[in-house]
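In what follows, chains are A, B, ... by sequence order, proteins preceding strands, each numbered from 1.
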Amino acid sequence: MLEQVYIAEMGKYVGENVTLKGWVYNRRSSGNIRFLMLRDGTGIAQGVISKADVSEQTFELADRIPQESSAVVKGKIREDKRAPGGYEILVSELEPIQIAENYPITKKEHGTGFLMSHRHLWLRSKKQLAIMRIRNVIISACRKFFDSLGFLLVDAPILTPSAVEGTTTLFETDYFGETAYLSQSGQLYMEAAAMAFGKVYCFGPTFRAEKSKTRRHITEFWQIEPEIAFAELDDIMELAEKFVAYITEQVLVNRAEELKILERDTGPLENVIPPFPRISYDEAVDILNKEGSSFKWGDDFGSPEETLLSEKFNKPLLVHHYPAKCKPFYMKRDPQNPQLALAIDMLAPEGYGEIIGGSQREDDLETIKKRIEEHNLPQDAYEWYLDLRKYGSVPHSGFGLGLERTITWICKLPHIREAIPFPRLLEKCYP
RNA sequence: UCCGGCGUAGCUCAAUGGUAGAGCAUCUGGCUGUUAACCAGAGGGUUGUAGGUUCAAGCCCUACCGCCGGAGCCA
């Protein structure tokens, strides 16, 4: 019985001889006993090598095999309280696959610049694995949530002919002699899809060439964007609440171990239960001014304002009815007050800022034509978009959730760059 | 793009303007249950680059490059 067993499953094989395959994470020794920590992506196992049990070469190898060497280990599994994880393998054979060169990431601390330039290796460490496992649960939760509500997943194109906003923040690329742009949102296409299928969402990478150099920005990030025909602002506020609560719950239920590795205090996450506080932009401005901020009505919130606001509440915060002038052309104006847009943002707690942005969309043909003009956008690029208002236009609404910002908050990471396997940052595209 | 901080051993950091050090990693040896093991020893440096001030510069000045943080920007 010598087939490969994954470390996470070790406990099922107590007393049996098994084969583990993995990489040397660390090794320790004491006299005639050697301890080899082996990782395989599912966990870390302690291998015990006693001088009496193995050949001289194997014992010698166990003492010298460098960190991150790949190896096949055979031996008997047993339970032992002294082993991290409660189980260990009594090694009878140790077969190296490749002897690693000097591994640059050592057991002591490293600076961020160094780690980022070794991102391909940094991913092997415990915390990075924990983050990626949480990311995976969040992605599954997003899909499960919308699928279970009868939404249709519709993939938006990544190469697009036009900009949703201006053209300053787009990555440009040559498209057979024409200019194409990397998508910064699937939203306009989701509006078309919603008119076709009712309730839809897309889930894919989006790109922004902004020269933003903050802990909240990467140039390539993933968004989940639902769009719903006949839905109004209140409907998507409720949906956004349930959505974020579901994601949080899924992480708490399925990734308790990983949250512990990240030393994440789960108290604030357990509190993420609807209803969330909802305040209007006007009320938000009042709060800011009361806190001594010199923020003026009509401006959009920057990071300091978002942080200040979200720290006033112990749940995600919904802010609605923003001034129309700081929001994009497709948002519907409030019929009660045309100065305002029917827009919402959700700010994550603990100072993590905006994780959701959404709105009810403008559904009147003449109004949206006027908006396109006002924003100096090329009308011909939006002909197909205007068609949606010509053929059975209905009220509709949607929002986008930034995946990496959500991960950053749930894991309480110091910077968004750790929330994605290979972050693309301002002027940095390596590895 | 702007503001601030920092660039010293493979890594993380020390070093009044006066002989460049420590921990980890590496190498050698020791230790029969280690938990980022520990103990002893060894090797490892054109102090980011280019100028300048000074009897003397890792340290002071200028420029450039790089990294970090923040702002602006940002469905």
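- Comparing A:Ser183 and A:Pro414 along RNA chain B, the residue whose closest nucleotide (by nearest heavy atom) sits nearer the 5' end is A:Pro414.
- Residue A:Gln67 is out of contact with every strand shown, counting any heavy-atom pair closer than 4.0 Å.
- To the nearest whole angstrom, the two C1' atoms, one in B:C3 and one in B:C59, are 24 Å apart.
- Rounded to whole angstrom, the span from the OH atom of A:Tyr352 across to the P atom of B:C74 amounts to 24 Å.
- When heavy atoms are screened at a 4.0 angstrom cut-off, A:Gly400 is found touching no nucleic acid atom at all.
- To the nearest 0.5 Å, atom CD1 of residue A:Ile158 and atom OG1 of residue A:Thr173 are 12.5 Å apart.
- Nucleic acid contact for A:Glu306: none, since no nucleic acid atom lies under 4.0 Å from a heavy atom of the residue.
- Between the side chain of A:Lys213 and the base of B:G69, at least one donor-acceptor pair of N or O atoms lies under 3.5 Å.
- Nucleotide B:C74 holds its C1' atom 17 Å from the CD atom of A:Glu220, rounded to whole Å.
- Closest approach to the A:Ser29 side chain among B:C73, B:U32, B:G30 is made by B:G30 (side chain taken as heavy atoms from C-beta onward).
- Applying the 3.5 Å distance criterion, the base of B:C68 shares no donor-acceptor pair with the side chain of A:Thr112.
- In this entry B:G7 has B:C65 as its Watson-Crick or G-U wobble partner, both defining distances falling under 3.5 Å.
- Across all strands shown, B:G18 pairs with B:C55; the Watson-Crick or G-U wobble distances both stay below 3.5 Å.
- For A:Ser30, the listed nucleotide lying nearest its side chain is B:C31; candidates were B:A71, B:C31, B:G29.
- For B:C2, the paired base is B:G70 (Watson-Crick or G-U wobble, both distances below 3.5 Å).
- Among the heavy atoms of the strands, none lies under 4.0 Å from A:Gly358.
- Across all strands, A:Arg417 comes closer than 4.0 Å only to sugar-phosphate atoms, never to a base (heavy-atom distances).
- A heavy-atom distance below 4.5 Å is found between the side chains of A:Asp345 and A:Tyr322.
- With rounding to the nearest 0.5 Å, the separation of CZ in A:Arg361 from OG in A:Ser393 is 13.0 Å.
- A:Gly186 comes within contact range of at least one nucleobase, with a heavy-atom separation under 4.0 Å.
- Within the nucleic acid shown, A:His415 comes within 4.0 Å of sugar-phosphate atoms alone, with no base atom in reach, counting heavy atoms only.
- The side chain of A:Arg27 sits closest to B:U26 out of B:U34, B:U26, B:C73.
- When the C1' atom is used for both B:A25 and B:G66, the distance is 24 Å, rounded to whole Å.
- The distance between atom CG of A:Leu426 and atom P of B:G69, rounded to the nearest whole Å, is 12 Å.
- Here B:U34 is the nucleotide among B:C24, B:C73, B:U34 with the atom lying nearest to any side-chain atom of A:Arg28.
- Taking atom C1' on both B:G43 and B:G48, the two are 25 Å apart, rounded to the nearest angstrom.
- When the C1' atom is used for both B:U8 and B:G44, the distance is 14 Å, rounded to whole Å.
- Nucleotides B:A15 and B:G7 place their P atoms 10 Å apart, quoted to the nearest Å.
- A distance below 6.0 Å separates the ring centres of A:Trp384 and A:Tyr189.
- Across B:C60 and B:G5, the matching P atoms stand 12 Å from one another, rounded to whole Å.
- At whole-Å resolution of the value, CG in A:Asn102 and P in B:A9 are 16 Å apart.
- Within the 4.0 angstrom heavy-atom criterion, base atoms lie near A:Gly31.
- Nearest nucleotide to the side chain of A:Phe35, out of B:U34, B:G72, B:U28: B:U34.
- Spacing of C1' atoms, B:G10 relative to B:C2, comes out at 35 Å, to the nearest Å.
- Taking only distance into account, the side chain of A:His110 never meets the base of B:C11 through a donor-acceptor pair shorter than 3.5 Å.
- Rounded to an integer number of Å, the gap from CZ of A:Phe59 to C1' of B:C31 is 11 Å.
- Residue contacts shown for A:Pro84 include a base, since a base heavy atom lies under 4.0 Å away.
- Of the candidates B:C74, B:C11, B:U34, B:C74 carries the atom nearest the A:Glu210 side chain, counting heavy atoms from C-beta on.
- In a base pair of the Watson-Crick type (N1 to N3 plus N6-O4 or O6-N4) or a G-U wobble (N1-O2 and O6-N3), with each distance short of 3.5 Å, B:G44 is matched with no nucleotide.
- Spacing of P atoms, B:G58 relative to B:A9, comes out at 14 Å, to the nearest Å.
- Salt-bridge check for A:Lys369 with A:Glu374: failed, with every basic side-chain N at 4.0 Å or more from each acidic carboxylate O.
- One atom, CZ of A:Arg64, and another, C1' of B:A25, lie 16 Å apart when rounded to the nearest Å.
- When distances are taken from the side chain of A:Arg34 to each of B:C31, B:U12, B:C73, the shortest belongs to B:C31.
- Listed nucleotides B:C74, B:A25, B:U32 differ in distance to A:Arg405; the shortest reach to its side chain belongs to B:C74.
- Between A:Lys428 and B:C68 there is a side-chain N or O to OP1 or OP2 distance below 4.0 Å.
- Distance CG (A:Leu121) to P (B:A25): 18 Å, rounded to an integer number of Å.
- If you check every strand for non-hydrogen atoms under 4.0 Å, A:Asp80 touches a base.
- In this structure, of B:C73, B:U32, B:G29, it is B:C73 that holds the atom nearest to the side chain of A:His217.
- Rounding to the nearest 0.5 Å places OG of A:Ser212 at 11.0 Å from CG of A:Leu425.
- Summarising the geometry, the separation between CD on A:Glu101 and C1' on B:A25 is reported as 15 Å, rounded to the nearest angstrom.
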Start with the C-alpha distance between A:Glu191 and A:Arg389, add both sets of side-chain angles, then the distance that settles salt bridge (Lys or Arg N to Asp or Glu O under 4.0 Å), and finish with yes or no.
-> CA-CA 10 Å; A:Glu191 289 188 53; A:Arg389 277 75 182 164; 2.7 Å; yes

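- Checked against a 6.0 Å centroid threshold, the rings of A:Phe151 and A:Phe197 do not count as neighbours.
- The CZ atom of A:Phe301 lies 4.5 Å from the CZ atom of A:Phe295; values are rounded to the nearest 0.5 Å.
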